[in-house]
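Structure first, then comments.
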Amino acid sequence: MAFPENQQKAARAAFGLFNPAQGVHIFSREHSAEQEPIVVEVAPRTWFIQPGMVNVGLFETDEGLVMVDAGCAGDGPSLLRAVRSVSDRPLHTVIYTHGHSDHCFGLWAFLEAGERPEIVAHENVVAHFRRYIKTAGLNGHINGQRPGPDGRRWAEQESDFDWPTRTYRETLELTVGGEPFVLRHGKGETDDATWVWAPERRVIAAGDLLTGYFPNAGNPRKVQRFAEEWADAAEEMAALRPLAVITGHGDLAVGEEELQDELTTLARYLRHIVDHTLRGLNAGLMHDEIVDSLEIPAEFRNHPRLPAVYDQPEFVCRNVIRRYSGWWDGYPANLLPAPYAARAREIAALAGGIGALVDRARELAETDLALAGHLAEWAFWADRADPDAQAAYVDILERRAKQQPGLMAQVGLRWSRRYAEQAAR
Ligand SMILES: [Zn+2]
């Protein structure tokens with residue numbers, strides 16, 4: 001991991017969560033987590049629970065439990081055990097911080113055990129559940145999920161979801177056990193986000209608006225993310241001066257001053273990227289020029305709680321570009337391009353054959369893997385059955401993946417490696 005010493009702890013916390021064995025819990029109720037959840041008492045009658053790759057917040061009141069998020073499908077049984085290890089009160093209310101599968105799909109275990117909570121979420125969660133049904137195949141491909149034994153994909157029909165029973169738009173104040181819980185709508189990784197403020201405990205359950213590492217605001221294969229509103233939400237949270245924030249992933253965040261620093265730095269970091277991108281767009285720069293000229297001050301890049309372990313600044317920059325402009329990158333050849341394979345064959349012919357491209361790609365790989373990646377890609381697409389081109393391409397993709405500190409970049413490169421390996425079969 002190419003992270004400075006002071007970021008190693010946060011990077012390890014995040015990497016530990018995203019191991020591939022944990023990933024299967026997202027999709028399947030049958031894949032129960034092997035270890036028991038981590039349970040930390042954050043404040044009186046308030047717990048941070050980490051059943052696997054995702055975190056859950058639990059608030060006990062005299063009227064029952066308020067639970068923020070419900071883990072992955074496979075986390076359900078162990079999450080239920082963890083909740084019951086600290087309280088035997090009924091589950092009064094569940095709040096989904098957003099509609100992603102790692103936050104909503106463990107609730108089935110509570111419902112099967114006879115709990116009948118109110119399920120509260122932002123109104124966009126319902127729209128996104130419908131979208132997941134519409135794009136179940138696409139999401140399966142992106143998330144590397146195979147269909148089940150019956151040929152069914154995860155979340156392809158309405159009965160696969162535990163739907164919200166109550167939705168809201170901007171803000172909603174619940175009173176449970178005589179105590180207020182303030183739900184605020186935010187946008188960040190998604191536009192259906194809720195964060196929860198328990199003023200009497202001075203605790204926030206933030207969902208993925210705070211994760212203990214650089215925000216997932218640029219994910220290359222997912223729908224639009226919202227960097228500016230993410231910064232707004234972080235500032236709104238900071239203004240309340242919480243003593244603890246139950247994060248959506250990664251380590252728990254505690255300490256009034258530490259949280260002021262973390263939340264305000266996160267906001268300034270995102271605004272720095274957004275401002276740079278808007279300046280470039282307004283100046284009429286090419287998209288690549290905007291990304292290539294992005295510089296991140298050391299204050300942000302080396303912040304102990306903001307390592308770019310998952311997503312990374314360049315991807316956020318591209319996501320801001322996408323938000324404010326179209327899909328065209330500005331190169332006229334890319335507006336109505338010739339098929340990629342035709343271009344690759346022409347380049348290979350010019351180079352003196354696929355073999356020449358492969359040789360140069362391997363040579364360049366010693367000094368510039370990014371440039372080598374372009375040459376290997378042309379060689380591969382010039383003839384996907386050419387074993388030398390395929391081998392060089394696979395090799396360079398894997399070396400690039402190993403070099404990348406961010407998980408999204410690694411996943412994208414390894415997805416391409418598998419595609420290349422399968423193409424020649
Ligand atoms: Zn999440």
Side-chain angles (χ1 to χ4, degrees), residues 1-4 11 15 20 141-142 144 214 218-221 285-296 301 307-319 321-322 327-334 337-425:
M1 282 183 294
F3 293 102
F15 265 123
H141 286 298
I142 290 175
F214 181 75
N219 197 316
R221 302 186 77 194
L285 299 187
M286 299 283 283
H287 296 179
D288 282 354
E289 289 178 307
I290 298 171
V291 178
D292 292 344
S293 59
L294 176 66
E295 284 176 13
I296 304 298
R301 194 176 281 284
V309 65
Y310 189 76
D311 210 331
Q312 57 199 72
E314 305 91 307
F315 294 168
V316 176
C317 185
R318 292 214 184 264
N319 229 311
I321 292 170
R322 173 176 68 168
W327 55 262
W328 181 31
D329 60 9
Y331 296 107
N334 287 342
Y340 197 91
R343 287 182 265 164
R345 282 194 295 273
E346 186 61 26
I347 289 163
L350 266 175
I354 291 173
L357 267 182
V358 168
D359 288 347
R360 181 60 181 151
R362 287 202 179 276
E363 196 181 347
L364 269 174
E366 301 311 315
T367 52
D368 189 335
L369 272 173
L371 203 49
H374 288 284
L375 270 67
E377 201 153 276
W378 288 324
F380 173 75
W381 278 96
D383 180 1
R384 281 182 286 169
D386 184 303
D388 290 342
Q390 189 210 24
Y393 190 39
V394 165
D395 182 40
I396 287 167
L397 284 167
E398 181 56 31
R399 285 176 66 179
R400 286 208 82 190
K402 282 206 179 82
Q403 198 189 45
Q404 292 298 317
L407 189 74
M408 284 297 97
Q410 291 170 16
V411 165
L413 291 160
R414 293 218 162 94
W415 182 90
S416 303
R417 194 197 77 184
R418 278 193 301 281
Y419 178 86
E421 284 167 344
Q422 284 159 9
R425 266 180 223 147

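Taking a cutoff of 4.0 Å between a charged side-chain nitrogen and a carboxylate oxygen, Arg399 and Glu366 qualify as a salt bridge. Salt bridge status for Asp288 with Arg318: present, with a side-chain N to carboxylate O gap under 4.0 Å.
Rounding to the nearest 0.5 Å places CD1 of Ile290 at 4.5 Å from CD1 of Ile321. Residue Trp327 holds its CH2 atom at 8.5 Å from CG of Asp329, rounded to the nearest 0.5 Å. Between Cys317 atom SG and Arg322 atom CZ the span is 13.0 Å, to the nearest 0.5 Å. Atom CG of Leu357 sits about 7.5 Å away from atom CD1 of Ile347, to the nearest 0.5 Å. If you take NE2 on His287 and CD on Glu289, they are separated by 10.5 Å, rounding to the nearest 0.5 Å. The line from CG of Leu397 to CD of Gln410 is 13.0 Å long, rounded to the nearest 0.5 Å.
For Ala308 against Pro313, the heavy-atom pair with the smallest separation is CB-CD, 4.2 Å. A pairwise comparison of heavy atoms in Ile354 and Ala389 identifies CG2-CB, 3.8 Å as the closest pair. Taking all atoms of both residues into account, the shortest heavy-atom contact from Arg221 to Ile142 is O-CD1, 3.3 Å. Here the closest non-hydrogen pair linking Met408 and Pro220 is CB-CD, 4.1 Å. The minimum heavy-atom distance between Trp381 and Ala341, with the atom names listed, is O-CB, 3.6 Å. Between Ala382 and Ala344, the shortest heavy-atom distance links the atoms N-CB, 3.6 Å.
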> After noting the C-alpha distance and the side-chain angles of Asp395 and Arg362, does the key distance pass the side-chain contact (heavy atoms from CB on, under 4.5 Å) rule?
Replying inline: CA-CA 9 Å; Asp395 182 40; Arg362 287 202 179 276; 3.0 Å; yes
>> If you apply the rule side-chain contact (heavy atoms from CB on, under 4.5 Å), what do you find for Arg414 with Lys402, and how did you get there?
In response: CA-CA 10 Å; Arg414 293 218 162 94; Lys402 282 206 179 82; 3.8 Å; yes
>> Walk me through whether Arg384 and Tyr393 qualify under side chain to side chain donor-acceptor pair (under 3.5 Å).
In response: CA-CA 10 Å; Arg384 281 182 286 169; Tyr393 190 39; over 6 Å; no
>> Before you tell me yes or no, could you show the steps for Trp415 and His141 under side-chain contact (heavy atoms from CB on, under 4.5 Å), namely the whole-Å CA-CA distance, both residues' side-chain angles and the distance that decides it to 0.1 Å?
In response: CA-CA 10 Å; Trp415 182 90; His141 286 298; 5.6 Å; no
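Between Tyr419 and Phe380, the angle of the ring planes goes over 60°, which puts this pair in the perpendicular group of the 30/60° scheme.
The closest donor-acceptor contact from the side chain of Glu314 to the backbone of Val291 lies at 3.5 Å or more, if one exists at all. Remark: side-chain polar atoms of Asp311 are paired, donor with acceptor, to backbone N or O of Asn219 under 3.5 angstrom.
Residue pairs meeting the salt bridge (Lys or Arg N to Asp or Glu O under 4.0 Å) criterion with at least one member in residues 342-361, sequence neighbours excluded, are Arg360-Glu363.
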